[in-house]
Amino acid sequence: QVQLVESGGGLVQPGGSLRLSCTASGFIVRYSTMRWYRQAPGKERELVAAITGAIGSTTYTNSVKGRFTISRDDAKNTVYLQMNSLKPDDTAVYYCNVYNEYWGQGTQVTVSS
(Lines give C-alpha, C1' and ligand atoms only; values in the text may rest on other atoms or scores of the structure.)
Protein backbone atom coordinates (compact mmCIF):
# COMPACT_ATOMS: atom_id res chain seq x y z
CA GLN A 1 0.00 0.00 0.00
CA VAL A 2 1.50 3.28 -1.14
CA GLN A 3 1.53 6.02 1.48
CA LEU A 4 3.10 9.47 1.50
CA VAL A 5 3.33 11.60 4.64
CA GLU A 6 4.49 15.22 4.39
CA SER A 7 5.81 17.30 7.26
CA GLY A 8 7.84 20.43 7.91
CA GLY A 9 5.47 23.18 6.90
CA GLY A 10 4.77 26.24 9.00
CA LEU A 11 4.81 30.01 9.22
CA VAL A 12 8.00 31.77 8.17
CA GLN A 13 8.98 35.35 7.46
CA PRO A 14 9.96 36.46 3.95
CA GLY A 15 13.57 35.50 3.30
CA GLY A 16 13.38 32.56 5.67
CA SER A 17 13.82 28.84 5.08
CA LEU A 18 11.90 25.62 5.60
CA ARG A 19 12.62 21.99 4.81
CA LEU A 20 9.70 19.79 3.86
CA SER A 21 9.88 16.01 4.22
CA CYS A 22 7.90 13.32 2.43
CA THR A 23 8.24 9.90 4.02
CA ALA A 24 7.13 7.07 1.76
CA SER A 25 5.99 3.52 2.38
CA GLY A 26 4.82 0.73 0.11
CA PHE A 27 7.42 1.43 -2.57
CA ILE A 28 11.08 2.39 -2.90
CA VAL A 29 11.76 6.08 -3.40
CA ARG A 30 15.17 5.37 -4.90
CA TYR A 31 13.56 3.75 -7.97
CA SER A 32 10.73 6.22 -8.43
CA THR A 33 10.28 9.71 -9.79
CA MET A 34 9.11 11.86 -6.91
CA ARG A 35 7.40 15.22 -7.31
CA TRP A 36 6.53 18.15 -5.09
CA TYR A 37 3.44 20.16 -6.02
CA ARG A 38 1.85 23.17 -4.40
CA GLN A 39 -1.59 24.74 -4.46
CA ALA A 40 -2.27 28.28 -3.38
CA PRO A 41 -5.80 29.48 -2.54
CA GLY A 42 -7.82 30.04 -5.70
CA LYS A 43 -5.08 28.66 -7.94
CA GLU A 44 -4.46 25.38 -9.72
CA ARG A 45 -2.03 22.86 -8.33
CA GLU A 46 1.40 23.36 -9.89
CA LEU A 47 4.49 21.20 -10.15
CA VAL A 48 7.34 22.70 -8.14
CA ALA A 49 10.16 20.16 -8.34
CA ALA A 50 10.90 16.58 -9.34
CA ILE A 51 13.67 14.06 -8.83
CA THR A 52 14.01 10.98 -11.01
CA GLY A 53 14.66 7.48 -9.74
CA ALA A 54 18.14 5.94 -9.78
CA ILE A 55 20.26 8.80 -11.19
CA GLY A 56 18.30 11.45 -9.30
CA SER A 57 18.13 14.14 -11.96
CA THR A 58 16.24 17.18 -10.73
CA THR A 59 13.96 19.75 -12.37
CA TYR A 60 12.30 22.88 -11.02
CA THR A 61 9.65 25.33 -12.04
CA ASN A 62 11.20 28.66 -13.02
CA SER A 63 9.85 30.58 -10.05
CA VAL A 64 11.81 28.46 -7.52
CA LYS A 65 15.06 27.83 -9.40
CA GLY A 66 18.04 28.79 -7.31
CA ARG A 67 15.96 28.89 -4.12
CA PHE A 68 14.52 25.37 -3.71
CA THR A 69 16.36 22.05 -3.72
CA ILE A 70 14.78 18.61 -3.99
CA SER A 71 16.73 15.67 -2.63
CA ARG A 72 16.21 12.22 -1.17
CA ASP A 73 17.59 9.99 1.56
CA ASP A 74 17.43 6.42 0.29
CA ALA A 75 18.09 4.94 3.74
CA LYS A 76 15.06 6.76 5.13
CA ASN A 77 12.93 6.32 1.99
CA THR A 78 12.26 10.06 2.22
CA VAL A 79 12.26 12.97 -0.17
CA TYR A 80 12.98 16.54 0.91
CA LEU A 81 12.28 20.01 -0.41
CA GLN A 82 14.68 22.60 0.99
CA MET A 83 13.16 26.04 0.50
CA ASN A 84 15.33 29.13 0.95
CA SER A 85 14.72 32.83 0.38
CA LEU A 86 11.01 32.26 0.76
CA LYS A 87 8.57 34.80 -0.63
CA PRO A 88 4.89 35.47 0.14
CA ASP A 89 4.06 34.00 -3.30
CA ASP A 90 5.39 30.65 -2.04
CA THR A 91 2.46 30.43 0.37
CA ALA A 92 0.55 27.25 -0.46
CA VAL A 93 -0.21 23.72 0.58
CA TYR A 94 2.66 21.53 -0.57
CA TYR A 95 2.03 17.96 -1.68
CA CYS A 96 4.26 15.01 -2.40
CA ASN A 97 3.40 12.78 -5.36
CA VAL A 98 4.53 9.51 -6.92
CA TYR A 99 3.44 7.74 -10.11
CA ASN A 100 1.28 10.79 -10.90
CA GLU A 101 -1.33 8.97 -8.87
CA TYR A 102 -0.60 8.91 -5.15
CA TRP A 103 -0.66 12.03 -2.98
CA GLY A 104 0.16 12.87 0.58
CA GLN A 105 -2.16 14.88 2.82
CA GLY A 106 -0.22 18.09 2.21
CA THR A 107 1.60 20.50 4.50
CA GLN A 108 0.82 24.21 4.78
CA VAL A 109 3.56 26.75 4.11
CA THR A 110 2.78 30.36 4.95
CA VAL A 111 5.28 33.12 4.20
CA SER A 112 4.30 36.32 5.93
CA SER A 113 5.70 39.07 8.11
Any side-chain heavy atom of V109 within less than 4.5 Å of one from T91?
no
Please collect all side chain to side chain donor-acceptor pair (under 3.5 Å) contacts where either partner lies in residues 48-61, sequence neighbours excluded, each pair once.
none
Got a list of side-chain donor-acceptor pairs under 3.5 Å for residues 33-43, not counting sequence neighbours?
unit_1	atom_1	unit_2	atom_2	d
R35	NH1	N100	OD1	3.4
R38	NE	E46	OE2	2.6
R38	NH1	D90	OD1	2.9
R38	NH1	Y94	OH	3.0
R38	NH2	E46	OE2	3.1
R38	NH2	S63	OG	3.4
Q39	OE1	R45	NE	3.4
Q39	OE1	R45	NH2	3.4
Q39	NE2	K43	O	3.1

Which residues share a side-chain contact (heavy atoms from CB on, under 4.5 Å) with S85, sequence neighbours left out
R67
Would L81 and V5 show up in the same hydrophobic cluster when neighbours are defined by side-chain heavy atoms closer than 4.5 Å?
no
Check step by step if side-chain contact (heavy atoms from CB on, under 4.5 Å) holds for L4 and V98.
CA-CA 9 Å; L4 300 169; V98 68; 4.1 Å; yes
Side chains of L11 and S112, heavy atoms from C-beta outward: is any pair under 4.5 Å?
yes
Quick one: do E6 and Y95 satisfy side-chain contact (heavy atoms from CB on, under 4.5 Å)? Show the steps, please.
CA-CA 7 Å; E6 301 101 334; Y95 299 90; 3.9 Å; yes
May I have the list of side-chain donor-acceptor pairs in residues 13-32 shorter than 3.5 Å, sequence neighbours left out?
unit_1	atom_1	unit_2	atom_2	d
S17	OG	N84	OD1	2.9
T23	OG1	T78	OG1	3.4
S32	OG	I28	O	3.0

If you apply the rule side-chain contact (heavy atoms from CB on, under 4.5 Å), what do you find for T110 with V12, and how did you get there?
CA-CA 6 Å; T110 303; V12 64; over 6 Å; no
Can you tell me which residue pairs pass the salt bridge (charged side-chain N to carboxylate O under 4.0 Å, His left out) test with a partner in residues 102-113, sequence neighbours excluded?
none
Kindly state each residue pair satisfying disulfide bond (SG atoms under 2.5 Å apart) with at least one member in residues 55-91, sequence neighbours excluded.
none
Rounded to the nearest 0.5 Å, how far does OH of Y80 lie from CG of D73?
4.5 Å
Where do Y99 and V2 come nearest, in terms of heavy atoms and distance?
CE1-CG2, 4.4 Å
